[in-house]
Amino acid sequence: MSDKILEVQDLTIDIPTPSGTLHAVQKVSIHVDRGETLCIVGESGCGKSLTSLAIMDLLPRKATRTATRLEIAGESVFDIGERRMSDIRGNRMSMIFQEPMTSLNPAYTIGDQLSEALRRHKKVSRGEARDRAVFLLEKVGITAAASRLGQYPHQLSGGLRQRVMIAMALMCGPDLIIADEPTTALDVTIQAQILHLLAELQREFNMGLILITHDLGVVARIADRVAVMYAGQIVETGTAEQIFKAPAHPYTRGLLACIPIPGQTERGAHLGAIPGIVPSLVGRMPGCHFASRCPEVRDSCNSAPIPQFQGAEPGRSVRCLLADEAAVRQPAQEGAA
Amino acid sequence: MSEIVLEARDISRSFMISQGFMRAKRPLHAVNGVNLKLHRGEVLALVGESGCGKTTLAKMLLGLLPPSAGSLELDGKPLASLSHLEVARIVQPIFQDPYSSLNPRKSIGSIITLPLQVQGDKDPASWRQRAEEIMELVGLPRRVYNNFPSQLSGGQRQRVAIARALINRPRVVICDEPTSALDVSVQSQILNLLQDLRQELGLTYLMISHNLAVVEHMATRIAVMYLGRIVEEGEAEAVYNSPRHPYTEALLGSVLTPDPSLGVPDTHLGAAYPNPLDMPSGCSFHPRCAKMMPQCAQQAPRPIPTESGHVECSLYKENEAKMRMTS
Amino acid sequence: MTDVIKTPVGGQAGSILSSGLDGVLEPSPGSLLRKRIFGHAGLMIGGGVLLIIFLMAILAPVISPGDPYDQDLSRKLIPPVWHESEKATWEHPLGTDLLGRDYMSRLFYGARISLLIGFAAMLISGVIGTTLGVLAGYFGGKVDMVVNFIITTRLSMPVVLVALAVVSLVGSSLTVVIWVLGLLIWDRFAVVMRSATQQVRGLDFVAAAQSLGCSNRRIILSEIMPNIANQLIVIATIEMAHAILLEAALSFLGLGVQPPDPGWGLMIAEAKGMIFFDAWLITIPGVALFALVLSINLLGDGMRDVTAPENRN
């Protein structure tokens, strides 16, 4: 399929630590189509950020990355060397980080940094680069864009900086944008604006977008498809509709019960909770990673690795023994009805 | 209405901000004429964007920062007449980041008993027991008494911070974004705990937050702050169901409920971000307001009473506000 | 540009790592520290050598083969035992100096002087510098301005020249050297403690202590000091080595330890005339001084590594 911008299969990241190997990401497979938004959602330490860094080949040096397939727009980028990789990075795909202040170089003007992002990859004149910078700054909703080019990052507010980051990510017209918690450091009103902007630009430029977040509200509003990660594994995938209307994994259900929803959750009532703590990923775990916190745990959960069961619809999958039973049961019921 | 435990009357606080070498300093009006009443047993949520003065206000209420104008009363006594220790017995804070709010070099036990030490508690023999009681109350296992903060998870650390704040049984707890540094699954546990503690110990909360979903869940009253002023205040239900101020509307519209059938909302706020150093004339919200009228740029609105609080917006006249609330 | 993008990566990966281990009940900081100390080669070597020199100094009266002050020109300039010379004798394992004094005994007693001066000068400068730095960092504002002025004033004075001038004016003695050095080298303490305090002061646990009604005194002593102690120890080792070298330099110039006391710097000075004839005479105190300073620095570096492992790179 030529529409696939990114295809990752069995991505595994190991990090050596003094107490043993940390299996930070275990056999993660994701794909993104052109014009599609994939949200990777999970709590801190689940491996969602490392997954994105691995795709960009920006992992810390001591981490090792393996995968059976890692293709960007049909081209395998696995072990292609730093030179070719840095060509793809920024050109075919770019990344937006959480903290715009640390991602922009304080010593250069906005205009310099934007032009540089383009001129590093494409042979364009200074003037052309400048024109594109102004065009994109206007696109991301910055007024008086031309006059902003001479400003330094510290002269801008957090929301403006994040807009500049987005403009910078768009400079080369990438096929894929990876945004790692792009709005977590921002105020709610600005968060809504930035997300609105991202969604609009993605439609307009027909890009693939991977949004990494812990905020289920953001996921529900912006995602086409969702991958829920827990303790280094993808535990559930599906469309946003499926994940939020019919969550199949106990972890997803638990997460959804944890957040108060205005208008639905009774005011002041107890919220759902997931007791226990995330297991250590150092060393191997025999069974389900969520078993120690799962309210529906059974003996069989702890004995063998849990495979990713494919659901009835394409793209739907759950890593849970109970869901497997349900999935087997479901078509039978439909047949009976 | 029950008794008032904390009251702020027209308090302001400004800082002199240096503009750079050899340039005159300019005042930054972080808090600009705020009136606030905290009734016993209620949860007042203070919402607003970063830089709106929430944190400065909280510091003044904790007695850590004297207001440059206006007066504060705690339990009916002027705050200025109370000693630090007396204030500490009545108001206690819970901070956002449990990784920085606990001294990494101290054991959990000595962190939790610090308030007893500071207050010169007469009975050191009972400290351990009292610490264990409060630990049980906040859901911490007793065995962590001799552990250090680095050995605990984020949720457990926040429980330690809560235990420290509550061991002397204060009447008011100021929670500054108490869950926003925590994971979703831990966040709900802490919110549940705060609810339980409020009922059990008869606490009064001032919750500072930008997470409106959390605020809606916890608060009995809501105060919306914008550039140093409280622009709308009222009972939680009323503010949520019929927000009056355009800013409150925008804030509520920005809440992303996990509903995949809805897209990302457009807040119509524009990209003009507020700068407290360069306050707009008239109504400070007018450059971002979707319902701006010509007079907004000239004339600062006066507080108009509503059924349960007030709103500061030129859209409303005295009777109009009342009319809207009856409809 | 790559740099710009890469900067946050390390930090993020770090936080991922630590939060991945979040749930694990880690061993206590104390036992972790012990484990790291014994796993650190530099620290162990530095500590070991320093311990040997320390024992030499303490046990000097017991282990010295002779009297460091006992002159006997009839047995002057006996070479050390490894020298292929008929004169070399086990009675004087390191030989004797120009005045026939046992060199090993002088070396042992000299260790006392170096350690005493280094330690005492470090203590004095540490108290001055830490007090100024912590006060400036904690209170900020006007206090900070005043302290900064004092630091700049101090930094504008050349240490060796001022020390020379004072010692030649007041006259030299152990006490004078200690005080002069102590009063001169506190600047690094002040600078580092000031910025360390500023950092810790901004953390929420200090605000928590303030809202508990803690006095400034208590906050400084029991909340801030324990958190800057590791940096204090590192600076202390650096300054101790610094003081020992300065003392050696002063003695070499004849303004430090006065003969017949056996300071290492003085021994080097006394031997400088013989450098081409009896090189061991200058080598032995030179090597001892080198070993002492190196071991203190290794110890300090090691301390920094084990107490703040995240800063190692």
Side-chain angles (χ1 to χ4, degrees), chain A residues 43-45 141-143 156-160 163 186-193 195-200 214-223 226 239-245 251 254-275 277-278 293, chain B residues 43 47-52 153-156 180 182-192 195-196 198-199 210-220 236-237 240-241 247 250-275 288:
Chain A
E43 297 180 282
S44 56
I142 294 180
T143 48
L156 306 176
S157 69
L160 279 182
R163 282 168 195 255
L186 302 174
D187 281 314
V188 271
T189 53
I190 297 163
Q191 159 170 301
Q193 288 180 324
L195 288 175
H196 197 81
L197 177 70
L198 264 178
E200 223 168 55
H214 69 277
D215 189 333
L216 290 162
V218 171
V219 176
R221 296 301 186 94
I222 203 169
V226 182
T239 64
E241 192 78 21
Q242 289 163 343
I243 295 282
F244 285 93
K245 292 282 155 70
Y251 176 63
L255 271 187
L256 282 168
C258 280
I259 49 171
I261 302 169
Q264 283 180 37
T265 319
E266 191 193 335
R267 181 170 290 146
H270 264 204
L271 298 167
I274 305 178
I277 50 173
V278 182
R293 303 172 75 183
Chain B
V43 181
V47 297
E49 293 168 292
S50 52
C52 73
S153 69
Q156 283 178 317
S180 57
L182 301 173
D183 268 325
V184 178
S185 64
V186 183
Q187 192 174 331
S188 66
Q189 295 172 21
I190 297 294
L191 290 177
N192 288 346
Q195 287 282 31
D196 293 345
R198 181 171 78 98
Q199 272 156 19
H210 68 269
N211 185 337
L212 282 129
V214 168
V215 165
E216 200 267 353
H217 184 70
M218 298 283 290
T220 56
E237 204 109 2
Y240 259 91
N241 296 339
Y247 179 62
L251 273 183
L252 292 177
S254 311
V255 181
L256 301 177
T257 48
D259 184 346
S261 57
L262 301 170
V264 182
D266 192 347
T267 55
H268 304 290
L269 278 180
Y273 297 112
N275 177 4
R288 298 173 76 191

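Excluded from the calculations below are hydrogen atoms, water molecules and symmetry mates; all remaining heavy atoms, backbone and side chain alike, are included. Naming convention: chains lettered A, B, ... in sequence-line order (proteins, then strands); numbering from 1 in each chain.
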K.L.:
Sort L191(B) into side chain, backbone, both or neither according to what part of it lies under 4.5 angstrom from a heavy atom of chain A.
P.N.:
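When you check distances to chain A, only side chain atoms of L191(B) fall under 4.5 Å.
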
K.L.:
NE2/H270(A) to NE2/H217(B) distance, rounded to the nearest 0.5 angstrom?
P.N.:
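Result: 8.0 Å between the selected atoms.
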
K.L.:
Need one label for E266(A): side chain, backbone, both or neither, based on atoms under 4.5 Å from any heavy atom in chain B.
P.N.:
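Only the backbone of E266(A) comes within 4.5 Å of chain B.
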
K.L.:
Among G217(A), A257(A), G272(A), which residue forms the greatest number of heavy-atom pairs with chain B at distances under 4.5 Å?
P.N.:
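The candidate making the most pairs under 4.5 Å is G217(A).
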
K.L.:
For each of S254(B), G263(B), P260(B), tally heavy-atom pairs with chain A at distances under 4.5 Å, and name the one with the top tally.
P.N.:
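With the most close heavy-atom pairs to chain A, the winner is P260(B).
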
K.L.:
Distance from N192(B) atom CG to L271(A) atom CG, nearest 0.5 Å?
P.N.:
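If I round to the nearest 0.5 Å, the distance is 5.0 Å.
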
K.L.:
Looking at every heavy atom in both S188(B) and A273(A), which two are closest together, and how far apart are they?
P.N.:
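Scanning both residues completely, I find the closest heavy atoms to be OG-CA, 3.8 Å.
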
K.L.:
Shortest non-hydrogen contact from H196(A) to P265(B)?
P.N.:
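Smallest heavy-atom distance, with atoms named: ND1-O, 3.6 Å.
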
K.L.:
Of all of L216(A), V188(A), T189(A), I274(A), which one pairs up most often with chain B through heavy atoms under 4.5 Å apart?
P.N.:
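Top count of heavy-atom pairs under 4.5 Å with chain B: T189(A).
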
K.L.:
Which heavy atom in A219(B) sits nearest to a heavy atom in R267(A), and how many Å separate them?
P.N.:
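In this case the closest contact between A219(B) and R267(A) is O-CD, 3.8 Å.
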
K.L.:
About how many Å separate CD of Q191(A) and CD of E49(B), when rounded to the nearest 0.5 Å?
P.N.:
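Between E49(B) CD and Q191(A) CD, I get 11.5 Å after rounding to 0.5 Å.
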
K.L.:
Could you check which of M218(B), E237(B), E216(B) has the highest count of heavy-atom pairs closer than 4.5 Å to chain A?
P.N.:
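Of M218(B), E237(B), E216(B), E216(B) has the most heavy-atom pairs under 4.5 Å with chain A.
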
K.L.:
Out of curiosity, S261(B) OG to E241(A) CD, how far, rounded to the nearest 0.5 Å?
P.N.:
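Reported value, rounded in 0.5 Å steps: 6.5 Å.
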
K.L.:
So do the side chains of P262(A) and L212(B) get within less than 4.5 Å of each other, counting heavy atoms only?
P.N.:
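No, too far: nothing below the 4.5 Å cut-off.
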
K.L.:
Check each of L255(A), I259(A), I243(A) against P258(B) using the side chain to side chain contact (heavy atoms under 4.5 Å, CB included) test, and report the only one that passes.
P.N.:
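Going through the options one by one, the only one that passes is I259(A).
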
K.L.:
Within the structure provided, determine whether V264(B) and L198(A) are in side-chain contact (heavy-atom separation under 4.5 Å).
P.N.:
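A side-chain contact is absent here, since even the closest heavy-atom pair is not under 4.5 Å.
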
K.L.:
Could you report the tightest heavy-atom contact between R221(A) and L262(B), atom names first, then the distance?
P.N.:
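Nearest heavy atoms, R221(A) then L262(B): CD-O, 3.1 Å.
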
K.L.:
Heavy-atom cut-off 4.5 Å, strictly under: side chain, backbone, both or neither for Q195(B) against chain A?
P.N.:
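When you check distances to chain A, only side chain atoms of Q195(B) fall under 4.5 Å.
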
